[in-house]
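As the structure is a prediction and not an experimental result, all values here were calculated from the model. Below, chain A is the first sequence line, B the second, and so on; all start at residue 1.
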Amino acid sequence: MIGARFDRGMKSRELKHSAVLDFSAVPPYDFVLTVHKPGGWSLLTPEEVFENEVLWTAMRVPTGELFGLKLTSIGTVEKPRVRCWVYSDHKFGRVEKANLSRAINFTLNLKEDLKEFYALSRRDSLVRALTEDLCGLRNTKTPDVFSRLILAVTLQMAPISRSDQMMGLLISEFGESVRFDGKEIAYWPSAAIVAEASVRELERRCKLGYRAKALKGIAGVVRRGFPSLEELETMLPDEARARLMELKGIGDYSADIVSPHFGFALDVWSAKIFSLLMFGKVPENPREAIPRIKRIAEERWGKWRGYVFIYVLHDLKNLSRRYGLNLTEV
DNA sequence: GCGTCCAGGTCTACC
DNA sequence: GGTAGACCTGGACGC
């Protein structure tokens with residue numbers, strides 16, 4: 001696991017102090033499907049480690065501090081309980097433990113009740129298939145708004161391999177890592193570090209191209225003060241989107257990626273997948289088809305369209321088999 | 001090898 | 001208000 005990206009002088013800290021926090025969740029909650037999603041998306045950082053149903057990862061809280069996390073299930077899908085060891089370089093105070101507990105609850109989305117979403121399966125065959133395949137998968141969040149903004153910006157106008165390259169370079173060149181429990185976990189750069197870097201450095205060292213200017217600008221705004229994802233969640237969905245779209249470089253698609261309200265973040269790739277599922281064919285111009293597919297999704301699934309979106313993207317293999325489609329190769 | 005095209009959006013100038 | 005064109009980089013493709 002500890003590969004080349006740790007050999008480049010990345011700032012690394014040893015976290016010797018730990019605390020144990022236990023959580024319950026609203027069932028159904030499948031810990032493994034939630035923290036280690038079938039589509040391969042990470043929970044908090046692409047560098048986290050998942051072994052034998054245990055996840056080692058890192059979490060930056062809005063104060064800027066980075067903590068180590070070790071997570072495992074101590075319950076079942078129907079009686080879900082999660083145990084979390086939190087690691088820090090200092091002893092934990094009572095208030096800090098309470099804040100961390102809230103941040104982990106937010107991240108794992110333990111209290112969301114999906115009853116209405118699962119009820120949709122009675123009248124919607126696609127939702128029925130999805131909830132049969134991935135029962136208990138919960139959408140997750142992060143307390144660190146800047147890491148979501150990095151993800152959104154690097155996903156723009158690039159094949160996934162190129163996005164991975166940009167994200168990996170941002171972490172290795174400007175990120176930091178923490179060592180705890182025998183693991184070393186690298187994490188996204190802070191907004192302050194990116195705001196301090198020059199556009200030229202970001203272009204050259206992270207191959208961000210034209211995105212470098214936008215990311216530096218966004219980092220500056222976040223460093224000066226921007227709502228956390230917990231604060232964006234307390235806003236109405238449209239209000240949260242509008243705040244995000246005030247950031248130069250964050251448009252309709254990126255706002256849906258970042259928003260904790262789980263929008264229908266349709267891009268060219270996912271537009272092809274949903275076109276195949278809904279109409280049986282890929283549109284001639286997928287980009288032009290995006291507004292139409294979004295409209296249909298809102299009419300068909302309402303406020304649960306974000307969940308349909310996530311479930312579909314993590315269920316491509318099963319759906320391909322079920323419907324005789326090749327959704328993994330679009 | 002080398003040149004060309006284009007991708008998992010966004011912004012801006014122009015009409 | 002709507003829309004065409006520019007924008008980094010690197011992989012795929014044709015020659």
Side-chain angles (χ1 to χ4, degrees), chain A residues 37-42 46 139 145-174 194 197-222 226 240-259 262-279 281-295 297 305-306 308-317 319-320 325-330:
Chain A
K37 293 192 169 63
W41 302 4
S42 53
N139 213 340
V145 68
F146 188 59
S147 68
R148 297 294 294 180
L149 289 161
I150 292 176
L151 176 71
V153 169
T154 53
L155 283 175
Q156 293 169 9
M157 201 60 189
I160 194 65
S161 56
R162 170 110 172 82
S163 300
D164 281 344
Q165 178 194 44
M166 290 186 275
M167 288 188 268
L169 286 168
L170 272 163
I171 290 173
S172 63
E173 295 293 323
F174 293 97
V194 175
S198 70
V199 171
R200 182 73 192 116
E201 267 187 302
L202 293 168
E203 283 173 347
R204 190 172 47 81
R205 292 169 61 185
C206 305
K207 299 186 187 295
L208 290 182
Y210 68 92
R211 302 168 192 82
K213 196 175 166 189
L215 192 63
K216 182 176 163 65
I218 290 167
V221 174
V222 172
F226 189 78
R241 276 173 57 79
R243 282 306 301 271
L244 287 163
M245 288 172 70
E246 284 172 11
L247 298 167
K248 201 167 175 182
I250 299 299
D252 192 55
Y253 163 78
S254 298
D256 277 339
I257 295 273
V258 178
S259 173
F262 303 142
F264 202 75
L266 212 61
D267 51 24
V268 166
W269 168 66
S270 48
K272 290 179 191 169
I273 289 167
F274 274 89
S275 293
L276 270 170
L277 276 173
M278 297 198 290
F279 317 121
K281 61 177 184 180
V282 173
E284 262 180 47
N285 189 332
R287 203 179 291 283
E288 282 179 7
I290 288 173
R292 179 168 163 249
I293 298 170
K294 287 184 93 157
R295 201 169 49 245
R305 62 194 184 282
V308 173
F309 184 80
I310 290 296
Y311 268 59
V312 163
L313 297 190
H314 289 295
D315 199 30
L316 296 179
K317 282 183 191 163
L319 292 175
S320 296
L325 299 166
N326 191 2
L327 299 170
T328 56
E329 302 289 332
V330 297

Task: Centroid-centroid distance, Phe309(A) to Phe262(A), less than 6.0 Å - done: no

TODO: Can you sort out which residues in residues 209-217 of chain A have a heavy atom within less than 4.0 Å of DNA chain C? Ascending by number, please.
DONE: Gly209(A), Tyr210(A), Arg211(A)

Task: d(CD, Glu288(A); P, dG2(C)) in whole Å - done: 15 Å

Open item on the list: In whole Å, measure the gap between the C1' atoms of dT12(B) and dT9(C) for me.
Closed with: 22 Å

Task: Presence of salt bridge, Lys294(A) and Asp256(A), under 4.0 angstrom - done: yes

Task: Beyond-backbone contact of Ser254(A) with Val153(A), side-chain heavy atoms, under 4.5 angstrom - done: no

Open item on the list: Within the structure provided, determine whether Arg211(A) and Met157(A) are in side-chain contact (heavy-atom separation under 4.5 Å).
Closed with: yes

Task: Met166(A) CE - dC7(C) P separation (whole Å) - done: 17 Å

Task: Closest non-hydrogen atom pair between Ala197(A) and Phe174(A), with its separation - done: CB-CE2, 3.7 Å

Task: Heavy-atom pair of closest approach, residues Ala212(A) and Glu203(A) - done: CB-CG, 3.5 Å

Open item on the list: Counting runs of three or more consecutive pairs, Watson-Crick or G-U wobble, with each distance below 3.5 Å, where are the stems of DNA chain C?
Closed with: B:1-7 with C:9-15, B:9-15 with C:1-7

Open item on the list: What's the gap between dA6(C) and dC5(B) when it is taken at their C1' atoms, as a whole Å value?
Closed with: 15 Å

- [ ] Just do the ring-ring contact (aromatic ring centres under 6.0 Å, His included) check on Phe264(A) and Phe274(A) with the steps written out, would you?
- [x] CA-CA 11 Å; Phe264(A) 202 75; Phe274(A) 274 89; 5.0 Å; yes

Task: Gap between atoms CG and P, on Asp164(A) and dG11(C) respectively (whole Å) - done: 12 Å

TODO: For the pair Asp267(A) and Arg287(A), evaluate salt bridge (Lys or Arg N to Asp or Glu O under 4.0 Å) and give the outcome as yes or no after the intermediate values.
DONE: CA-CA 7 Å; Asp267(A) 51 24; Arg287(A) 203 179 291 283; over 6 Å; no

TODO: Can you see which heavy atom on Gln156(A) is nearest to which on Gly249(A), and at what distance?
DONE: NE2-O, 2.9 Å

Open item on the list: Students should find this one: the first and last nucleotides of DNA chain B, 5' to 3', lying under 4.0 Å from a heavy atom of chain A. What are they?
Closed with: dA7(B) to dT12(B)

Task: DNA chain B: 5'-proximal contact among Met245(A) and Ser270(A) (nearest heavy atom) - done: Ser270(A)

- [ ] Take atom P in dG5(C) and the same atom in dC6(B), then report the distance between them in whole Å.
- [x] 14 Å

- [ ] Have a look at Ser254(A) and say if it touches a base, only the backbone sugar-phosphate, or nothing, with a 4.0 Å heavy-atom cut-off.
- [x] sugar-phosphate

Open item on the list: I need the Asp252(A) CG to Met245(A) CE distance, nearest 0.5 Å.
Closed with: 5.0 Å

- [ ] Take the protein atom CD1 of Ile160(A) and the nucleotide atom C1' of dG10(C), then report the distance between them rounded to whole Å.
- [x] 15 Å

TODO: Identify whether any heavy atom of Leu247(A) sits under 4.0 Å from a base atom; if not, whether one sits that close to sugar-phosphate; answer base, sugar-phosphate or nothing.
DONE: sugar-phosphate

Open item on the list: Using the P atom as the point on both nucleotides, what is the distance between dG10(C) and dC11(B), in whole Å?
Closed with: 23 Å

Open item on the list: Please tell me whether Ser161(A) and Asp164(A) have a donor and an acceptor in their side chains that are separated by less than 3.5 angstrom.
Closed with: no

TODO: Kindly indicate whether a cation-pi arrangement holds for Arg305(A) with Tyr311(A), taking the cut-offs as under 6.0 Å to the six-membered ring centre and within 45° of the axis.
DONE: no

- [ ] Would you indicate what Ile250(A) reaches in the nucleic acid, counting non-hydrogen atoms under 4.0 angstrom: base, sugar-phosphate, or nothing?
- [x] sugar-phosphate

